[in-house]
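As the structure is a prediction and not an experimental result, all values here were calculated from the model.
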Amino acid sequence: MNSIDVREAITQAHHEEWARVVASLTRRFGDLDIAEEAAAEAFATAVQRWPADGVPPNPGAWLTTTANRQAIDRIRRENKRDDKHRKAQMSYDDPPEPLGAIDDDRLRLIFTCCHPALAMETRVALTLRMVAGLTMPEIARAFLVAESAMGQRITRAKAKIKAARIPYRMPSAEDLPARVSGVLAVLFLVFNEGYLATGPDTAPVRHELTAEAIRLTRLIRLLLPDDGEVAGLLALMLLIEARRPARVSAGGELVALDEQDRGAWDAKLIAEGHRLVRERLAAAAAGVAPGRYQILAAINAVHTSARDMRDTDWSQVLALYDQLIRLDASPIIALNRAIAVAELDGPEVALAAVDRLEPRLAGYHAYHATRADLLRRLGRSQDSRAAYDKAIDLAGNTAETASLIRRRDQLR
């Protein structure tokens, strides 16, 4: 095996085994700091040894055993004579735990990182570090903060988990639905930051973040296969990610849905997303009410089923938004619903609905961009330009800003 193959094997092992190793160590030693550092040391050891020794037959077991040894060495070096030290009194020759037994540990780790006692931005950062294995610079770049500030945020989060004695365990049966909802919210935030990056000094689309969000959601799906909202979120992510190849033009502009080359969409991801949506529709037909992510996935399934924008079944889209708004009456959902109204009842009716949202969405760039487009369709060019100007001032994504400027300048 050449050096390139070894590097690829290490990269694959990092993607597949990081969460397993950290989760196993957290269960064994009860300390996130020890788990994280020992896992990182184990992968660093793999970088040094695998090129010479070869990739082991079971990389996950090798990494888990090596990380356990690193953790025990650290504890002994620091001479910590406490429960963690006593737990560590075991032979290096103990056989590694079967990887199948680590699955529940990974789920416990995700629920620990997404505990409601932590602020939402902290949950996101901690999940990316402890579960996804992103480096501190990667996480800091994703959220446009200094690496030192992100490091302090994660350090404080781990300290809070320790001080508050947040348990490393699955929630009780009665708490599980609410806690799963919190985990999915974290994963959706990670995905959205990759799908449309919020800052001007980063790539407009962050594929590494959307890929990590999808990978972690697949993990949750594997561990909770009967949860409809997990399936719904995975389907939603897949159907949105499928459009990524057509979302940014060669000139660096964000390409709106009605202008995208649908032949560039990822047919494999669309097929998988549609299959998940059909499964949830079958469950709904059997009397299981769909949740927010399932309805959003169904809306995206309608869009990705149309060969052309003109073929979109807007009446179905509107019906789904009507169903969604009963679950989530947020102004952003109402704004997206108005776009479907424009296609069915015309821009004037939609504009009236959008204008009613102004008190709650005045600082949201998409609100002004939607108004600008509706005003343009009504022939009110001066008002449309003013709305585009507001949207441009508020938008942070470079590709989206370029698209808005082009649309505004076309009104001349």
To the nearest 0.5 Å, what is the distance between OH (Tyr364) and CD1 (Ile332)? 4.5 Å
Rounded to the nearest 0.5 Å, the CZ atom of Arg275 sits from the CD1 atom of Ile270 at a distance of 14.5 Å
For residues 230-249, which residue pairs pass the side-chain hydrogen bond (donor to acceptor under 3.5 Å, both in side chains) check, not counting sequence neighbours? His207-Glu241, His207-Arg244, Thr210-Glu241, Glu241-Arg244, Arg243-Asn300
Side-chain donor/acceptor of Trp18 to backbone N/O of Arg129, under 3.5 Å: yes
Mind listing the closest non-hydrogen atom pair of Arg360 and Ala329 along with its distance? NH1-O, 4.2 Å
Any Lys/Arg nitrogen of Arg377 or Glu343 sitting under 4.0 Å from an Asp/Glu carboxylate oxygen of the other? yes
Look at Lys390 together with Glu358 and state whether they make a salt bridge at an N to O cut-off of under 4.0 Å. no
Non-hydrogen side-chain atoms of Val131 and Val22 separated by less than 4.5 Å: no
Whether the side chain of Thr65 engages the backbone of Ala61 through a donor-acceptor N/O pair (distance < 3.5 Å, no angle test) should be reported. yes
Quick one, Thr304 and His274 - any side-chain contact, counting heavy atoms below 4.5 Å? yes
Quick one: does Pro56's side chain get under 4.5 Å of Trp50's, heavy atoms only? yes
Taking atom OG of Ser381 and atom CG of Leu375, what is their separation to the nearest 0.5 Å? 9.5 Å
Between Leu216 and Ala132, what is the shortest heavy-atom contact and its length? CD1-CB, 4.1 Å
Find the distance between OG1 (Thr401) and CG (Leu254) and round it off to the nearest 0.5 Å. 9.5 Å
Sidechain-backbone polar pair: Arg292 side chain, Asp328 backbone, donor-acceptor under 3.5 Å: no
Minimum heavy-atom distance Leu25-Ala39, with the two atoms named: CD1-N, 4.0 Å
Basic-acidic side-chain contact under 4.0 Å: Arg408, Asp389: yes
Any side-chain heavy atom of Arg179 sitting closer than 4.5 Å to one from His115? yes
Nearest atoms (heavy-atom pairs only) where Leu327 meets Gly291: CD1-C, 3.9 Å
How about CD on Gln382, more than 12 heavy atoms from neighbouring residues, nucleotides or ligands closer than 6.0 Å, or not? no
Kindly indicate, with the supporting measurements, whether the criterion salt bridge (Lys or Arg N to Asp or Glu O under 4.0 Å) is fulfilled by Lys268 and Glu272. CA-CA 6 Å; Lys268 185 177 179 181; Glu272 184 181 359; over 6 Å; no
Carboxylate-amine/guanidinium proximity below 4.0 Å for Lys158 and Glu36: yes
Can you name the nearest heavy-atom pair linking Ala117 to Lys160, along with the distance? O-NZ, 2.8 Å
Expected output: side-chain Tyr168 to main-chain Asp105 donor-acceptor under 3.5 Å: yes
Any side-chain to backbone donor/acceptor pair from Asp311 onto Ala306? Under 3.5 Å, distance only. no
From CA spacing to verdict: side chain to side chain contact (heavy atoms under 4.5 Å, CB included), Leu233, Ile220: CA-CA 10 Å; Leu233 180 58; Ile220 299 292; over 6 Å; no
Pair Asp53 + Arg49: basic N to acidic O under 4.0 Å: yes
Please determine whether side chain to side chain contact (heavy atoms under 4.5 Å, CB included) holds for the pair Arg380 and Leu411, giving the CA-CA distance in whole Å, both sets of side-chain angles, and the decisive distance to 0.1 Å. CA-CA 10 Å; Arg380 295 167 56 180; Leu411 291 168; over 6 Å; no
Approximate separation, where rounding is to 0.5 Å, of Asn58 CG and Leu63 CG: 9.0 Å
Report yes or no: does Arg280 contribute a side-chain atom to a donor-acceptor pair with the main-chain N or O of Pro290 at less than 3.5 Å? no
Are side-chain heavy atoms of His365 and Asn397 found at a separation under 4.5 Å? no
Show, in sequence, the C-alpha distance, side-chain angles and deciding distance for Val6 and Ile10, and conclude whether the side chain to side chain contact (heavy atoms under 4.5 Å, CB included) test is met. CA-CA 6 Å; Val6 172; Ile10 293 172; 4.0 Å; yes
For a salt bridge (Lys or Arg N to Asp or Glu O under 4.0 Å) check, start with the C-alpha distance between Arg262 and Asp308, then their side-chain angles and the critical distance, and finish with the verdict. CA-CA 8 Å; Arg262 300 189 175 211; Asp308 186 272; over 6 Å; no
Which is it for Leu276 and Arg221 under the side chain to side chain contact (heavy atoms under 4.5 Å, CB included) test, yes or no, and what are the steps along the way? CA-CA 11 Å; Leu276 288 168; Arg221 167 80 170 154; 3.6 Å; yes
Over all heavy atoms of both residues, which pair between Ala369 and Ala391 is shortest? Give the atoms and the distance, please. N-CB, 3.7 Å
Check: Ala362 main-chain N/O paired with His368 side-chain donor or acceptor under 3.5 Å: yes
Answer yes or no: is there a side-chain heavy-atom contact under 4.5 Å between Val317 and Tyr321? yes
Side chains of Asp355 and Tyr367 in contact at under 4.5 Å (non-hydrogen atoms): yes
Counting only N and O atoms by type, is there a donor-acceptor contact under 3.5 Å from the side chain of Glu229 to the main-chain atoms of Gln294? yes
Kindly say whether Leu378 contributes a backbone atom to a donor-acceptor pair with the side chain of Glu348 at under 3.5 angstrom? no
Atom pair CG (Leu128) and CG (Leu187), whose distance is rounded to the nearest 0.5 Å: 9.0 Å
Side chain Ser24, main chain Val21, donor-acceptor under 3.5 Å: no
Just so I know, are the side chains of Glu8 and Gln12 near enough to count as touching, which here means a heavy-atom distance under 4.5 Å? no
